[in-house]
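Let me begin by presenting the structure, written as structure tokens, before commenting on it.
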Protein chains: 2
Amino acid sequence: MTESAGNGRDAEAVSRFVESFAAHLVEAGMPRMPARVFAALLSSDEGSMTSAELGDQLRISPAAVSGAVRYLAQTHMVSREREPGSRRERYRVHGEQWYEALTNREAVLKRWESALRDGVSSLGADTPAGRRMAETLAFFEFLDGEVAALMARWREHRKKTFGTD
Amino acid sequence: MTESAGNGRDAEAVSRFVESFAAHLVEAGMPRMPARVFAALLSSDEGSMTSAELGDQLRISPAAVSGAVRYLAQTHMVSREREPGSRRERYRVHGEQWYEALTNREAVLKRWESALRDGVSSLGADTPAGRRMAETLAFFEFLDGEVAALMARWREHRKKTFGTD
DNA sequence: CGCTTCTTTCAGAAATTTGTGAAGTTAAGG
DNA sequence: CCTTAACTTCACAAATTTCTGAAAGAAGCG
């Protein structure tokens, strides 16, 4: 049997997956440590781990965990919660909502739109470059509306498929 | 008047916009030089520039232009074209299609799905972590289908708004 | 063919990013 | 309060990335 402890998981395979998944996140622009920590959390059965568990599994210092977790919390990909009656903290992935956060660029889209508006006026609304910028702006505005609707459809779809709501 | 040459553009303002737009791209995960080059191209009236023009405007070496352009070409954000009867090359943004490229993750989505499938089997389809992974996978598969439809709606919307097709 | 103009490659310098150990801070539990 | 467990911050060393100058490589043009 390839399983180590009685935890019902092949630690080797899980670790490989964690690292490979983290690599994808890195490629998508996430810093290395946050990516590894996030992948580890996502692969945990509880969906949450303590700082010590993370440092232990990933072989990184408490400082690295701290930095990674700060990043993840700021970008709303994990939440921190205090273990009652202990100075231990748990970091948790919002179960099925993390990828919603990924697409829920809300604020991000707004910043892009604002930057593009600046562009249109810097370039001149009546120039070819300005028009190109205006069209890009229109695309983002369009996206803005579509994303919300798309996520609504997903929740519907998920409920039908998983019964999870 | 704040315009310098007779080119009808406030070079200062345009440059500021180029740098600020590039900064957004960097934040979104694009390397610095490609981002700056891309922003410059996007802000040009012709939608295309030569290597020399780019190096000149951005104050970077030919080597840097070369590297940036290679990146952009590989990711399909610009195309290279030879100026007929010259060894000069022009780099061009695909007008209104660059942001389609941004969303047209096609291959990217497939890679994620494949990684997630690995995850489900590494974690065990019957474990909590495995189920979480399976649901994420379902989300990406869902996205896959939605993105195409969304872009179709955009083209429709664009035609109505800009008459550009 | 060789000259010339442009682009690419490459090795290395410079800057940036990353992760650590160690000291510092906070808060639980006596 | 004091002790101690846990997390955070900070300065720095190490690794990585980024950009350049220089040299080599194409390709038009005579």
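Within every chain, numbering begins at 1; the chains are lettered A, B, ... in the order of the sequence lines, protein sequences first and strands thereafter.
A distance-only check finds no donor-acceptor pair linking the side chain of A/Arg88 to the backbone of A/Thr50 [under 3.5 Å]. The backbone N or O of B/Leu41 lies less than 3.5 Å from a partner atom in the side chain of B/Ser44, making a donor-acceptor pair.
With rounding to whole Å, A/Arg90 atom CZ is found 15 Å from D/dC7 atom C1'. If you measure from atom CZ of B/Arg88 to atom P of C/dT4, you get 17 Å, rounded to the nearest angstrom. Rounded to an integer number of Å, the gap from A/Tyr71 OH to C/dT18 C1' is 14 Å. Atom CG in A/Asp56 sits about 13 Å away from atom P in D/dA6, given to the nearest Å. If you measure from atom CZ of B/Arg59 to atom P of D/dG21, you get 13 Å, rounded to the nearest angstrom. Following rounding to the nearest Å, B/Ile60 (CD1) and C/dT7 (P) show an atom-to-atom distance of 13 Å. Atom CE in B/Met49 sits roughly 17 Å away from atom C1' in C/dC6 (whole-Å rounding). Atom CG in B/Leu58 sits about 15 Å away from atom C1' in D/dT20, given to the nearest Å.
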*Could you write nucleotides 24-30 of chain C as a row of B, S and -, 5' to 3', where a protein heavy atom under 4.0 Å of any base atom gives B, of only sugar-phosphate atoms gives S, and otherwise -?*
----BS-

*Which nucleotides of nucleotides 11-18 of chain D have their base under 4.0 Å from a protein heavy atom (B), which only their sugar-phosphate (S), and which neither (-), written as one string 5' to 3'?*
--------

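Note that OG of B/Ser66 and CG of B/Leu54 are 11.5 Å apart. Values are rounded to the nearest 0.5 Å.
In this structure, B/Phe140 and B/Trp112 have parallel ring planes: the angle between them is below the 30° cut-off, well short of the 60° mark. Relative orientation of the A/Trp154 and B/Phe139 rings is perpendicular, given thresholds of 30° and 60° on the angle between their planes.
Between B/Ser51 and C/dT7 there is a side-chain N or O to OP1 or OP2 distance below 4.0 Å. At the phosphate of C/dT8, OP1 or OP2 sits under 4.0 Å from a side-chain N or O atom of B/Arg80.
Here the closest heavy-atom approach between residue A/Leu72 and residue A/Met30 is recorded as CD2-SD, 4.3 Å. Scanning all heavy atoms of the two residues, the minimum distance from A/Phe21 to A/Ala39 falls at CD2-CB, 3.9 Å.
The side chain to side chain donor-acceptor pair (under 3.5 Å) contacts involving residues 74-83 of chain A comprise A/Glu81-A/Arg92, A/Glu83-A/Arg90, where partners must be two or more places apart or lie in separate chains.
Comparing D/dT8, C/dC10, C/dT7 by their nearest atom to the side chain of B/Ala63 picks out C/dC10.
Within 6.0 Å of the CZ atom in B/Arg32, the count of heavy atoms belonging to other residues, nucleotides or ligands does not exceed 12.
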